[in-house]
Amino acid sequence: MTAFTGGASVQTATQVISENSKTFRMKNSHETLIEAGIKELIEVILQLLVVYGELPAMPKIEVTVDFDDSIAEDRQANATYYSGLVAQGLMPKVKAIMRIFDLPEEEARKWLEEIQQESATATAAAIDLFGTNQEGGG
């Protein structure tokens with residue numbers, strides 16, 4: 001089995017698996033370092049709370065860090081997918097903006113309003129530029 005990598009190069013299945021294994025090992029290595037850092041940061045914060053009298057004593061807690069192992073999505077593919085749904089009339093623009101940019105509905109509505117205002121302004125400017133927005137006809 002072979003895989004095309006976008007250019008003129010071709011990879012074997014073994015090469016793809018090998019690269020994926022390296023990526024997986026690197027991801028795990030980074031997670032280990034980040035987890036240790038987060039745990040240490042929480043411990044330091046708790047110690048400061050004790051020092052400044054916000055806590056009576058250092059609490060006996062176990063900190064766990066759970067990384068989401070879901071597959072990372074390609075942002076461009078995600079945007080293209082939702083834009084296609086909007087273009088086909090299968091999804092409202094506000095919902096697409098919410099999902100593409102991970103925004104709450106109110107913020108997505110503001111974005112859509114802003115986009116529509118910019119689009120209307122650009123259209124009016126283009127009409128003026130080409131002289132078709134003149135009174136008395138062109």
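Here, residue 1 is the first one in the sequence, and each next residue gets the next number.
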(Q) Distance check, rounded to the nearest 0.5 Å: Q76 atom CD versus I100 atom CD1? (A) 9.5 Å

Q. Could you state the interatomic distance from CD1 (I38) to CD (E43), rounded to the nearest 0.5 Å?
A. 14.0 Å

Q: Kindly work out whether a path of hydrophobic side-chain contacts (I/L/V/M/F/W/Y, heavy atoms less than 4.5 Å apart) joins I34 to I45.
A: yes

Q) Which atoms form the tightest heavy-atom contact between V94 and E105, and what is the distance? A) CG1-CG, 4.1 Å

(Q) Do E106 and K110 make a side-chain contact, defined as non-hydrogen atoms from C-beta onward lying under 4.5 Å apart? (A) yes

**Q.** Presence of salt bridge, E31 and K27, under 4.0 angstrom
**A.** yes

Q) Is atom NZ of K39 surrounded by more than 12 heavy atoms (other residues, nucleotides or ligands) closer than 6.0 Å? A) yes

Q | Distance in Å, L103 CG paired with L112 CG, rounded so as to fall on 0.5 Å steps | A | 11.5 Å

Q.
I'd like to check the side chain to side chain donor-acceptor pair (under 3.5 Å) partners of E113; sequence neighbours left out, ordered by chain and number.
A. none

(Q) Could you see if L48 belongs to whatever hydrophobic cluster contains L55? Use Ile, Leu, Val, Met, Phe, Trp, Tyr and a side-chain cutoff under 4.5 Å. (A) no

Q. Is there a side-chain contact (heavy atoms from CB on, under 4.5 Å) between L46 and I61 once you walk through the steps?
A. CA-CA 10 Å; L46 290 172; I61 61 168; 3.5 Å; yes

Q) Is there side-chain contact between I115 and I97, with at least one heavy-atom pair below 4.5 Å? A) yes

Q. Which distance, rounded to the nearest 0.5 Å, do you find between the OH of Y81 and the CE of M91?
A. 7.0 Å

Q. If Ile, Leu, Val, Met, Phe, Trp and Tyr residues are connected whenever their side-chain heavy atoms lie under 4.5 Å apart, and connections chain through other members, are V50 and V44 in the same group?
A. no

Q. In Å, rounded to the nearest 0.5 Å, how long is the span from CG of N28 to CD of E35?
A. 11.0 Å

Q: In sequence, state the C-alpha distance, the side-chain angles, and the governing distance for E107 and M98, and then conclude on side-chain contact (heavy atoms from CB on, under 4.5 Å).
A: CA-CA 8 Å; E107 186 71 16; M98 288 170 62; over 6 Å; no

(Q) Quick check on Q47: does its CD atom have over 12 non-hydrogen neighbours (other residues, nucleotides or ligands) under 6.0 Å away? (A) yes

